[in-house]
Amino acid sequence: MQASRARLFKEYKEVQREKVVDPDIQLVCDDSNIFKWTALIKGPSETPFEGGVFQLAFAVPEQYPLQPPQVRFLTKIFHPNVHFKTGEICLDILKNAWSPAWTLQSVCRAIIALMAHPEPDSPLNCDSGNLLRSGDLRGYYSMARMYTKLAAMPKKG
């Protein structure tokens with residue numbers, strides 16, 4: 001547990017330094033628990049998520065970095081690899097392809113990449129996956145865009 005705390009403190013310091021470097025990711029550590037983090041990530045450009053800001057919750061295990069963090073979307077998102085109700089993310093690096101070389105920051109980067117390049121063949125959201133698999137890009141894009149506008153964009157007025 002001491003090693004995981006030391007690693008998380010190191011990542012915390014790096015995040016403070018990189019705030020200016022990576023404007024698409026804002027990682028924040030819980031004031032009272034170094035094993036709980038949240039992140040705000042910007043939807044990638046040229047996707048239905050562009051202009052949206054999505055909140056992620058990180059639960060970091062005491063065996064970190066030997067085990068991956070549990071990450072889920074708190075913001076509703078219409079994406080084949082994200083469970084619509086729970087926000088669970090289907091991403092290999094959060095499961096069997098995890099490596100201690102990954103950081104919380106790089107996990108956020110991988111999630112942004114997944115947002116831009118969905119994997120409809122391993123869906124957690126079957127409706128979204130089916131739209132993409134059947135070639136209905138317009139249907140997928142309009143649903144994803146609608147949920148981005150409803151859940152991830154600041155309300156005007």
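The first residue in the sequence is number 1, and the count goes up from there. The basis for the numbers below is simple: all heavy atoms, side chains too, and nothing from hydrogens, waters or symmetry mates.
Cluster annotation: I25 and I93 are assigned to the same hydrophobic cluster (Ile/Leu/Val/Met/Phe/Trp/Tyr, side-chain heavy-atom contacts under 4.5 Å, transitive). Linking ILVMFWY residues whenever their side-chain heavy atoms come closer than 4.5 Å, directly or via other members, leaves F54 and Y141 in distinct clusters. Note on L40 and V15: separate hydrophobic clusters, where clusters join Ile, Leu, Val, Met, Phe, Trp and Tyr whose side-chain heavy atoms are under 4.5 Å apart, directly or indirectly. Residue F84 is grouped with residue M143 when hydrophobic side chains (ILVMFWY) are merged at heavy-atom distances under 4.5 angstrom, including chains of intermediate members. L150 and L131 fall within the same hydrophobic cluster, where Ile, Leu, Val, Met, Phe, Trp and Tyr residues are linked whenever their side-chain heavy atoms come under 4.5 Å apart, directly or through other members.
Put simply, the side chain of Y140 reaches to within 4.5 Å of the side chain of S128, judged on heavy atoms. F73 is listed as a side-chain neighbour of I111, based on a closest heavy-atom distance under 4.5 Å. A heavy-atom distance below 4.5 Å is not found between the side chains of L124 and P80. Using a 4.5 Å heavy-atom cutoff, the side chains of H83 and I89 are not in contact. In this structure, K95 and D92 have side chains that are not in contact, with every pair of non-hydrogen atoms separated by 4.5 Å or more. Using a 4.5 Å cut-off on side-chain heavy atoms (C-beta onward), C90 and V82 make no contact. Contact check for I41 versus D24: no side-chain heavy atoms found under the 4.5 Å cut-off. In this structure, R109 and D22 have side chains that are in contact, with non-hydrogen atoms separated by less than 4.5 Å.
The closest donor-acceptor contact from the side chain of T75 to the backbone of A152 lies at 3.5 Å or more, if one exists at all. Listed for the R145 side chain is a donor-acceptor partner under 3.5 Å among the backbone atoms of E50. At distances below 3.5 Å, at least one donor-acceptor pair connects side-chain atoms of S4 with backbone N or O atoms of E62. The closest donor-acceptor contact from the side chain of S106 to the backbone of T103 lies under 3.5 Å. Side-chain atoms of T148 come within 3.5 Å of backbone N or O of P48 as a donor-acceptor pair.
Environment of CG in D31: sparse, with no more than 12 heavy atoms of neighbouring residues, nucleotides or ligands closer than 6.0 Å.
When all heavy atoms are compared, the tightest approach of R5 to I34 is NH1-CG2, 3.7 Å. Scanning both residues, K76 and K85, for their nearest heavy atoms gives NZ-O, 3.5 Å. Across every non-hydrogen atom of P44 and I112, the tightest pair is CG-O, 3.6 Å. In plain terms, the two heavy atoms of P120 and L132 that are nearest each other are CB-CB, 3.8 Å. E119 and L114 make their closest contact through CG-CD1, 4.3 Å (heavy atoms, listed as atom of the first residue, atom of the second, distance). Residues E88 and R72 come closest through the heavy atom pair N-CB, 4.0 Å.
Each of V28, L56, D30 was evaluated against T38; a single residue qualifies, V28, per the side-chain contact (heavy atoms from CB on, under 4.5 Å) test.
To the nearest 0.5 Å, atoms CD (E11) and CZ (R7) are separated by 4.5 Å. E14 contributes atom CD, which lies 11.0 Å from atom CG of L27 (distance to the nearest 0.5 angstrom). In this structure, the separation between NZ on K42 and SG on C108 is 13.5 Å, given to the nearest 0.5 Å.
Judged by distance alone, the side chains of S134 and D136 never bring a donor and an acceptor atom under 3.5 Å apart.
A cation-pi arrangement, defined by a distance under 6.0 Å to the six-membered ring centre and an angle within 45 degrees of its axis, is absent between K36 and F58.
Between H79 and F49, the ring planes lie tilted relative to each other; the angle falls in the 30° to 60° range. Classification of the Y64-W98 ring pair by plane angle, with boundaries at 30° and 60°, yields tilted.
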